[in-house]
Amino acid sequence: MSDPKSTELMEKIVSLSKRRGFIYPSSEVYGGINGFWDYGPLGAELKRNVKDLWWRSMVHYRDDVVGLEATIIMHPLIWKASGHLDTFSDPMSTCRQCKKLVRSDQAREMVEDADWFQELQRFYQQATQSSPVAVSAESLEKLAQATRKHAPSLALVRAREAVTARLLASAANNGPDWADENQFIRSVSTENAAAGLTHFPCPHCGGELTEPRPFNLMFKTHYGPVESDDNVCYLRPETAQAIFVQFKNVFETSRQKLPFGIAQVGKAFRNEVTPRNFTFRSREFEQMELEFFIKPDEAVAALAGGVASASDGAWQGTPQPDWGWEVWHKYWVEQRVRFYESIGLAREDFVEYWQKPDELAHYARATVDILFRFPFGVQELEGIAARGDFDLTQHQKFSGKSTEVFDEELRSAWAILDEPTRTALRARHESSLKESLLKKGIAGDEATAQAAAASQAYFEKLAKGHYVPHVIEPSAGVDRLILALLCKAYREVVSTDEKGKTETRVVLQFHPRIAPIKVGVFPLLKNKPELVAKALAVRDLLRPHMTVFYDESGAIGRRYARQDEAGTPFGVTIDFDTLGEKPELADTVTLRHRDDGRQERLPIAELLPRLLPLIR
RNA sequence: GCGGGUGUAGCUCAAUGGUAGAGCGCUAGUCUUCCAAACUAGUUACGAGGGUUCGAUUCCCUUCACCCGCUCCA
């Protein structure tokens, strides 16, 4: 996954980023701060271009998406409703022996699957059938042998004499070590149970897990000058929740009808356990998120007479009224890949990973990860989740305010819908509801009853044109995308000069649309005022339309090379022919192309019409 | 948070218990001609803090950052 070669490549990219002013370590003169990065002059342009292009393709070029820019700090209850407050504060334990980090809530489950754990359970059950507990040094040794292979760090294996002595002593008087199975497991996992303090075994090696320590992944602060429990608040861990929370306002003020989306670009903050891989996992990062709200499939069926199949490729075309969530989901996956293609990434650079049903978060119906082949591994760039109505329902529940929409057309359509269709829709809805309740572990009868009640309430509302919209969420990380673009653009060109000296130059082959500087303008020599004046005039001609870098210092080849390293796709050179040394070439310049060094001669007047289409 | 590695000009790499050096880059200049040309001049460093020592970049401790693993999923 991360062989030396790819690590070396990453180091080169990190060093180039700093050297050329793309990305610096944050707070560097103070020694830096782990998990935070700053964008320098070129990086700031690059990032701005990427965000602008996303916004243009998502919002400006569509009729069905509008923008939002919400605050970073919001009402703390939002994070209760969204589930972040619970899922983002998992207690963690470390194994004292193998040093692995384990989520405390998952440790039990992970351990239960292990053979050696079942061995321990069986032993406990047998031993406690009689009272006092029937064990011997021999039987404990046999147990140690049986667990040795897969749980070498189990205290019973590692420190057999001490643990055996303790267990035998406590067996004679039915001591606490034998009080229940859990206590027994902890006892055989603990070498030195001073003051009765025992440890849970590590799922990886049977070693001692430390007491759970809280790992709060959310940045916590306080609003108002006085710090107290009453004014705790959080920096948002994602931008999406603001969209849900403002859904009703946007819906009512934007004159949009479903289906439609709300887009937002902004900072988010997570106290990552381990920030790693340059900017890939940062503690402060930027997201580009779209929440695209759609009608539930039952409403689509009532309105359009059916729901389009997701298997016939319709999602590659333009949206249709009969699209249900599956088609919309696939549509957005395709749209996002096309966006990446439009800024210079290729379809082959990605892996589309459709999460397996058992990997899905509880709120998601389907999630596709768009993974990019980074030098350090294939890693997620964007997740596109079909989240059902989970989020809006949660906020409805927690805020007490309705997140339902009213759909006049749906009410009329439902009124004229024939009874067999209605019955079929209800039956399908109810059975899928029941299935998901069963999956949550609710007993059969109970699930049947709950599903019937919920389904009935749902259709009563639907018949009147009321429902909570469902949502498709394409959520992309800006900083990850910038990193992907840097990795993709990075090229080393080795050349050998007449003296046989080889030299490696770096070229960043950015797509012109995202390049921080679009064109470099150079007078061939700087000691001729006429050349300089002409070059400055060309700079001023182009500047209103694109980022231009004027450079007159050093040899011309050096200036080209410097722009190559900055990823500038075009160079314009003003020479003596431009000034009219050869009359037929007067007012023409050399246009140089970064990736192949190709040069062409064209009139100054043609520069803008030539370059503009390439950079837009 | 735990374990392993790294830390000397912007970059690549030297040397040393007593004055830190080179190449490249960068800045300025010379040059009528297109891919880091040549020449001249200039520029810049021992990650931070503490200790041992007459004296520490070098030895010791602490800390910080980065890289690699354990977790994370924008």
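Every chain is numbered from 1 and lettered A, B, ... according to where its sequence line falls, protein lines coming before strand lines.
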State the pairing partner of [N]; accept Watson-Crick or G-U wobble contacts with both distances under 3.5 Å, and report none otherwise.
{"N": "B:A22", "value": "B:U12"}
{"N": "B:U52", "value": "none"}
{"N": "B:U6", "value": "B:A65"}
{"N": "B:U40", "value": "B:A28"}
{"N": "B:C70", "value": "B:G1"}

Legend entry - Any A:R19 side-chain N or O less than 4.0 Å from OP1/OP2 of B:C26: no
Legend entry - OP1 or OP2 of B:C35 under 4.0 Å from side-chain N/O of A:R592: no
Inset, instruction - Check the distance between B:U6's P and A:N34's CG and give it to me in whole angstrom. - result: 19 Å
Legend entry - NZ/NE/NH1/NH2 to OD/OE distance under 4.0 Å, A:D575 and A:R601: yes
Inset, instruction - Flag the pair A:E581 and A:K528 as a salt bridge only when some basic side-chain nitrogen lies within less than 4.0 angstrom of an acidic carboxylate oxygen. - result: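 No.
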Inset, instruction - Assign each of A:V14 and A:G554 to its nearest nucleotide of RNA chain B by heavy atoms, then name whichever residue's nucleotide is nearer the 5' end. - result: A:G554
Legend entry - Nearest-Å distance once atom C1' is located in both B:A9 and B:C46: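 Pairwise C1' distance, B:A9 against B:C46, rounds to 10 Å.
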